[in-house]
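Numbering of ligands and ligand atoms starts at 1, following listing order.
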Amino acid sequence: MKEITRILHSLKPDELTGSISTPIYQTSTYVQEAPGVHKGYDYARSNNPTRKVLEDLVATLENGTHGYAFASGLAAIDSVLKLLKAGDEILAVDDIYGGAFRLFTHIYQKFGISIRYVDTTVIDKVEKAISEKTKLIWLETPTNPTLKISDITAIAQIAKAHQILLCVDNTFASPLAQKPLELGADLVVHSATKYLAGHSDLIAGLVVTKSKELGEQIKFIQNASGAILGPFDSWLVIRGIETLPLRLRQHSENAQKIAEFLLTQPLVKKVYYPGLTSHPNHEIAKKQLNYFGGIVSFDLKIDDKEIATKVVSSTSLFQLAESLGGIKSLICLPCEMTHKSIPVEKRYESGVTDSLIRLSVGLEEVEDLIDDLSKVFKLATTAVTV
Ligand SMILES: *Cc1c(COP(=O)(O)O)cnc(C)c1O
């Protein structure tokens with residue numbers, strides 16, 4: 001059976017009523033027959049049947065043993081970090097999501113966990129940066145917003161040789177485009193807020209583990225720390241996942257066309273999209289990804305925040321907002337929005353200049369989206385030449 005059919009039919013009708021849609025169990029507790037005698041559910045922080053359907057579904061999607069749903073992507077990341085203890089070190093991708101940077105640097109360092117950031121697209125640098133303290137390698141691939149691709153298989157081999165856990169933030173790819181556990185990672189996290197939910201209508205996070213042991217540890221942390229996803233939002237994520245195959249295909253097709261259009265624009269200096277042969281990691285991307293995804297970033301010829309601000313404020317279909325992965329197209333200026341908390345030099349090092357613009361390409365007709373961008377480039381060109 002092909003994957004998409006397998007996913008859709010792994011969601012079984014409700015045993016009690018035959019309801020084809022997963023029931024929403026909006027409850028905090030469950031009535032017991034006798035003290036400690038119950039149907040496997042005692043308190044809804046520990047277990048909820050709606051959340052369980054989502055957790056099993058994402059485990060199936062990622063080909064892992066266990067899935068767990070959290071109140072946000074950052075809560076999911078936080079649960080993985082809680083596998084560590086004081087004195088441990090994390091080796092993380094340098095081009096990391098701003099919120100993960102803030103969590104690692106400003107919360108976990110305080111508890112004695114150190115962080116080292118490296119360019120994980122260069123395998124030698126990963127190998128060299130490992131110390132005896134390194135207990136976790138943290139990858140994001142593709143990264144935000146310059147879409148760098150790290151070779152998961154090669155890094156997993158290094159991690160294994162040193163008995164270090166490898167966790168991949170798979171948010172930008174989604175499980176249909178990339179399966180890190182199959183490539184050797186131990187854990188996968190998602191901000192389900194993005195492609196999995198897919199409609200810009202909730203905040204959620206997921207963790208999937210490759211082994212039963214790690215699954216049990218994350219389950220313990222989920223219950224002990226308590227940042228669980230509620231039943232209604234769990235249901236919405238399930239519903240989102242049901243159309244992920246169709247959405248992802250269209251997001252990727254539109255993004256590829258927009259990336260190729262951007263290459264032809266005189267105002268544009270550089271286009272970041274893993275589906276372009278000019279992308280420095282295009283070969284690994286082709287090997288590792290089934291889809292190149294819906295995110296396209298580009299840098300303007302003139303590194304000027306004012307012009308970039310004008311561009312991102314002038315589109316009409318691309319709406320100015322943080323976040324990504326929804327059905328409607330979004331545009332953002334990372335230096336002022338998603339990447340504001342990253343120190344300027346570090347930001348420039350990873351290519352996030354004052355004129356770098358990120359698009360989350362939605363499901364509109366691509367001709368309309370290209371039209372929207374064309375109009376704005378015309379306006380900006382006039383402004384620059386006057
Ligand atoms: C959005 C995002 C997160 C954080 O997820 P939230 O759901 O906003 O908490 C983590 N990693 C990546 C790559 C993201 O894009």
Novice: Distance under 6.0 Å and angle within 45° of the ring axis: does Lys52 meet both against Tyr25?
Specialist: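 Pair Lys52/Tyr25 does not count as cation-pi.
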
Novice: Can you confirm, on distance only, whether ligand 1 has an N/O atom lying under 3.5 Å from any N/O atom belonging to Ser191?
Specialist: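 Checking ligand 1 against Ser191, an N or O pair does fall under 3.5 Å apart.
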
Novice: Pairs of nitrogen or oxygen atoms closer than 3.5 Å, one from Leu324 and one from ligand 1: do any exist?
Specialist: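 Between Leu324 and ligand 1, no N or O pair is found under 3.5 Å apart.
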
Novice: By number and element, which atoms of ligand 1 are closer than 4.0 Å to a non-hydrogen atom of Asp169?
Specialist: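 That gives atoms 10 (C), 11 (N), 12 (C), 13 (C) of ligand 1.
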
Novice: Applying the 4.5 Å side-chain criterion to the ILVMFWY set and letting contacts propagate, would Leu229 and Ile24 be lumped into a single cluster?
Specialist: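 In one cluster with Leu229: Ile24, yes.
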
Novice: Output the list of atoms in ligand 1 that are nearer than 4.0 Å to some heavy atom of Ser72, sorted by atom number.
Specialist: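 The atoms of ligand 1 under 4.0 Å from a heavy atom of Ser72 are 7 (O), 9 (O).
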
Novice: Distance to the ring centre below 6.0 angstrom and angle to the axis at most 45 degrees; does that hold for Lys219 and Phe70?
Specialist: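 Negative - Lys219 is either too far from the ring of Phe70 or too far off its axis.
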
Novice: What I want to check is whether the side chains of Ser79 and Gln222 have a donor and an acceptor closer together than 3.5 Å.
Specialist: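 Absent: no donor and acceptor within the cut-off.
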
Novice: Is there any N or O on Asn144 that sits under 3.5 Å from an N or O of ligand 1?
Specialist: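 No, no N or O pair falls under 3.5 Å.
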
Novice: When you look for heavy atoms under 4.0 Å from ligand 1, do you find them on the side chain of Leu74, its backbone, both, or neither?
Specialist: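 Leu74 to ligand 1: contacts from backbone and side chain alike.
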
Novice: Going by the atom numbers of ligand 1, which of them fall below 4.0 Å from some non-hydrogen atom of Ala204?
Specialist: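 Taking each heavy atom of Ala204 in turn, ligand 1 has 7 (O) under 4.0 Å.
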
Novice: Can you sort out which atoms of ligand 1 are near Gly73, meaning under 4.0 Å from one of its heavy atoms?
Specialist: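 Answer, ordered by atom number: 5 (O), 6 (P), 7 (O), 9 (O).
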
Novice: With clusters defined by side-chain heavy atoms of hydrophobic residues (ILVMFWY) lying less than 4.5 Å apart, directly or transitively, does Leu136 cluster with Ile155?
Specialist: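 Cluster IDs for Ile155 and Leu136 differ.
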
Novice: Do the two ring centres, one from Phe292 and one from His282, sit under 6.0 Å apart?
Specialist: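 Judged by ring-centre distance (under 6.0 Å), Phe292 and His282 do meet the cut-off.
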
Novice: Rounded at 0.5 Å granularity, tell me how far CG in Leu356 sits from NE2 in His339.
Specialist: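 Between atom CG of Leu356 and atom NE2 of His339 there are 8.5 Å.
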
Novice: Has Ala76 got any heavy atom lying under 4.0 angstrom from an atom of ligand 1?
Specialist: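 Distance cut 4.0 Å: Ala76 fails for ligand 1.
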
